[in-house]
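Encoded as structure tokens, the structure appears first; notes follow it.
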Amino acid sequence: MTRIKIKMLAGCEELFPRKAHTDDAAYDLRSRTDLELPPGRSVLVPTGIFLELPPGFEAQVRPRSGLALKHNLMLTNSPGTIDAGYRGEVGVIMINCGAEPFPVRRGDRIAQMVIAALPEVELVAETRLSESDRGEGGFGSTGRN
């Protein structure tokens, strides 16, 4: 098992990332402050957590499906990547795509975080690539169904 070190901002211990269920893929991230998300605007929401990821790992910050469906809230840079060398506070860039301001309160679950191992790869410059069934088709080239 890989251990990930997490430091909490003073007074934010109750915001420690947790999984709602043992078989969940992601840890809930919570807001450390009260704020309002105005319609059509992005806001950086602080979480009060700092990570020390080992080399070869990243943390991905992803939206919560319930906030997207029920309140039209999304993450501007989804998924957001936290690199192993970053030691600053984890922040969540939320955007309100709805028509009304949305209040965020301290302790609200605002995003989810997945810790992922990264494979060692080497990028190799080539002049030709092998053929595949799909070829260069993309951006809806396989149709709607």
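Reckoned from all heavy atoms, side chains included, excluding hydrogens, waters and symmetry mates. For clarity, every value in this text was computed on a predicted model and none was experimentally measured.
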>> I need the minimum non-hydrogen distance between Arg62 and Leu75, along with the two atoms involved.
In response: C-CD1, 3.3 Å
>> Ignoring hydrogens, what is the shortest heavy-atom contact between Ile4 and Ile115? Give both atom names and the distance.
In response: CD1-CG2, 4.1 Å
>> Please report the interatomic distance CG(Leu118) to CG(Leu53), rounded to the nearest 0.5 Å.
In response: 9.5 Å
> Between Arg32 and Glu89, does at least one N-O distance fall below 4.0 Å, as a salt bridge requires?
Replying inline: yes
>> Between Glu14 and Arg106, is the salt bridge (Lys or Arg N to Asp or Glu O under 4.0 Å) condition met? List the steps.
In response: CA-CA 10 Å; Glu14 81 279 10; Arg106 180 185 172 96; 2.8 Å; yes
>> I'd like to know whether CD of Glu136 has more than 12 heavy-atom contacts from other residues, nucleotides or ligands below 6.0 angstrom.
In response: no
> So, for Pro39 and Ala99, which heavy atoms are closest and what is the spacing to 0.1 Å?
Replying inline: CG-O, 3.4 Å
> Counting N and O atoms only, with roles assigned by atom type, does the side chain of Ser42 sit under 3.5 Å from a partner on the main chain of Ile95, one being a donor and the other an acceptor?
Replying inline: no
> Can you list the steps and then say if Met8 with Phe16 is a side-chain contact (heavy atoms from CB on, under 4.5 Å)?
Replying inline: CA-CA 7 Å; Met8 300 302 298; Phe16 195 90; 3.7 Å; yes
>> Using the side chain to side chain contact (heavy atoms under 4.5 Å, CB included) criterion, which residues pair with Val124? Sequence neighbours excluded.
In response: Glu122, Glu126
> Under 4.5 Å between side-chain heavy atoms, hopping through other hydrophobics if needed: is there a path connecting Met113 to Phe57?
Replying inline: yes
> Taking atom OG1 of Thr33 and atom CZ of Arg105, what is their separation to the nearest 0.5 Å?
Replying inline: 9.5 Å
>> The test is side-chain contact (heavy atoms from CB on, under 4.5 Å); show your working for Leu44 and Met94 and say whether it passes.
In response: CA-CA 6 Å; Leu44 181 64; Met94 297 184 75; over 6 Å; no
>> Taking the side chain as everything from C-beta on, heavy atoms only, tell me whether Thr2 gets closer than 4.5 Å to Pro54.
In response: yes
>> What's the separation between atom CZ in Phe50 and atom SG in Cys12, rounded to the nearest 0.5 Å?
In response: 8.5 Å
>> Can you list everything that forms a side chain to side chain donor-acceptor pair (under 3.5 Å) with Ser78? Sequence neighbours excluded, please.
In response: none
>> Working to the nearest 0.5 angstrom, can you tell me the gap between Asp108 CG and Leu35 CG?
In response: 9.0 Å
> Of the non-hydrogen atoms in Arg109 and Arg30, which two are nearest, and what is the gap between them?
Replying inline: CG-NH1, 3.3 Å
> Honestly curious: do Leu9 and Ile82 fall in one hydrophobic cluster under the side-chain, below-4.5 Å linking rule?
Replying inline: no
> With the 4.5 Å side-chain cut-off for hydrophobic clustering, are Val61 and Tyr86 part of the same group?
Replying inline: yes
>> Does Val104 form a side-chain contact (heavy atoms from CB on, under 4.5 Å) with Ile110? I'd like the steps, not just the answer.
In response: CA-CA 8 Å; Val104 174; Ile110 56 170; 3.9 Å; yes
> Lys19 side chain to Asp24 main-chain N or O, any donor-acceptor pair under 3.5 Å?
Replying inline: yes
> Can you hop from Ile93 to Leu37 via hydrophobic side chains spaced under 4.5 Å?
Replying inline: no
> If every non-hydrogen atom of Arg87 is compared with every non-hydrogen atom of Leu51, which pair is closest and at what distance?
Replying inline: CD-O, 3.6 Å
>> Which residue in the set Gln112, Arg18, Arg64 passes side chain to side chain donor-acceptor pair (under 3.5 Å) when paired with Asp28?
In response: Arg64
> Should we say atom CG of Asp133 is surrounded by more than 12 heavy atoms from elsewhere, each under 6.0 Å from it?
Replying inline: no
> When rounded to the nearest 0.5 angstrom, what is the spacing between CZ in Arg3 and CD in Glu52?
Replying inline: 12.0 Å
> Do you know which two heavy atoms are closest between Pro17 and Ile49, and how far apart they sit?
Replying inline: CG-CD1, 3.7 Å
>> A side-chain contact here means heavy atoms from C-beta on lying under 4.5 Å apart; do Pro79 and Val114 qualify?
In response: no
>> Once rounded to the nearest 0.5 Å, what's the spacing between atom CE of Met74 and atom CG of Asn96?
In response: 9.0 Å
